[in-house]
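Predicted, not measured: the structure shown is a model, and the values here were computed from it. These numbers come from the heavy atoms of this one structure, side chains and all, not from hydrogens, waters or symmetry mates. Note that ligands are numbered from 1 as they come in the structure, with each ligand's atoms numbered from 1 the same way.
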Amino acid sequence: MDRLELQKLRDLPIERVAERLGLHVVRHKALCPFHDDHHASLSFKVSRNTYRCFVCGASGGPIDLVMRYLNKGFIEACRWLADEHNVIITEQKCTVGSVPVCTFDASRYERFFERPWLNDEARRFLFDERRLDARVVRWCRITSWKDRQGVPWLQTPYYDREGKLVGVQNRNLVKGATPRFRFPQGSRCSIYNLPVLNLLKAGEPLFIAEGCSDCWSLLSAGHKAIAIPSATLLSRKDKELLKQLGDSPRGIQFHMYPDNDVPGERLFLQLREVLPSIERHQLPPGCKDFSDYYLNTKRPLLSG
Ligand SMILES: [Zn+2]
């Protein structure tokens with residue numbers, strides 16, 4: 001984990017983290033889970049992103065709150081936070097200060113995506129649960145594997161615009177397992193599905209999704225789409241790349257279905273800062289994200 005990633009976790013809004021843990025927050029206060037409390041002694045300071053109990057003295061930021069509440073060590077607490085809030089963290093230390101000391105070894109991974117292979121768990125996930133179009137799965141070169149413990153993983157390649165493999169995302173296919181995602185050393189999993197830009201015709205809309213799976217649903221619905229990795233924070237590099245695309249002489253018209261929640265709305269506003277002409281589409285009420293909407297548009301599975 002690098003410093004920026006750690007900062008992302010420290011910046012997660014403390015009250016949202018508390019709610020995610022199951023605390024009931026009302027007017028910046030909650031019952032303290034660390035002593036027998038009846039008076040909502042735990043208070044949150046939003047400006048400093050901290051919590052403090054005036055009775056038992058428990059205090060700290062989001063990471064401390066998770067460590068203490070779930071009785072986890074530092075790294076485990078960071079993994080939990082990252083998983084719960086869709087923040088991507090790399091497991092290995094890849095920089096000293098800001099100097100990269102290791103890079104992604106694409107040659108080790110390229111061959112996996114030359115002949116993608118989907119195990120039963122992956123097929124269930126992609127085709128039964130997500131109802132994705134098989135052509136999309138092939139285009140994205142999604143593959144799967146099992147580790148030595150027999151855990152099934154979905155493996156998603158990230159390519160740059162020229163089709164060079166720049167990163168790999170592994171998703172644990174066991175429900176509720178942590179960590180949900182793993183990234184090989186040095187993976188650059190920033191903006192997903194950049195090669196689609198080469199297929200984009202003049203005037204054709206380009207959708208921006210939140211995460212790969214929403215991107216696959218958009219593609220399966222017949223749209224051209226790219227994805228940004230996390231709703232929580234858009235990195236400066238991602239912003240620069242999007243701005244470049246927005247400023248390109250071909251004039252790409254960006255579209256988005258923001259997720260029907262506060263982070264989704266926040267992400268849309270962040271994107272509009274870099275892409276002022278981005279067009280907003282509203283998901284129908286009751287659909288939390290595009291994948292959800294896409295599933296609702298599909299007819300029920302027919303047997304036989
Ligand atoms: Zn207390």
Through direct or indirect side-chain contacts below 4.5 angstrom among Ile, Leu, Val, Met, Phe, Trp and Tyr, which residues connect to Val151?
Trp145, Trp153, Val174
Do Glu265 and Asn260 meet the criterion of a side-chain donor-acceptor pair at a distance under 3.5 Å?
no
Are the aromatic rings of Phe207 and His255 close, with centres under 6.0 Å apart?
yes
Considering only NZ, NE, NH1 and NH2 on the basic side and carboxylate oxygens on the acidic side, decide whether Glu204 and Lys224 come within less than 4.0 Å.
yes
Who passes side-chain contact (heavy atoms from CB on, under 4.5 Å) against Lys288, sequence neighbours left out?
Asp292
Atoms named by residue and atom, protein N, O or S, within reach of the Zn ion (ligand 1) (under 2.8 Å)
Cys32 SG, His35 ND1, Cys53 SG, Cys56 SG
Looking at residues at least two apart in the chain, or sitting in another chain, which of them share a side-chain hydrogen bond (donor to acceptor under 3.5 Å, both in side chains) with His223?
none
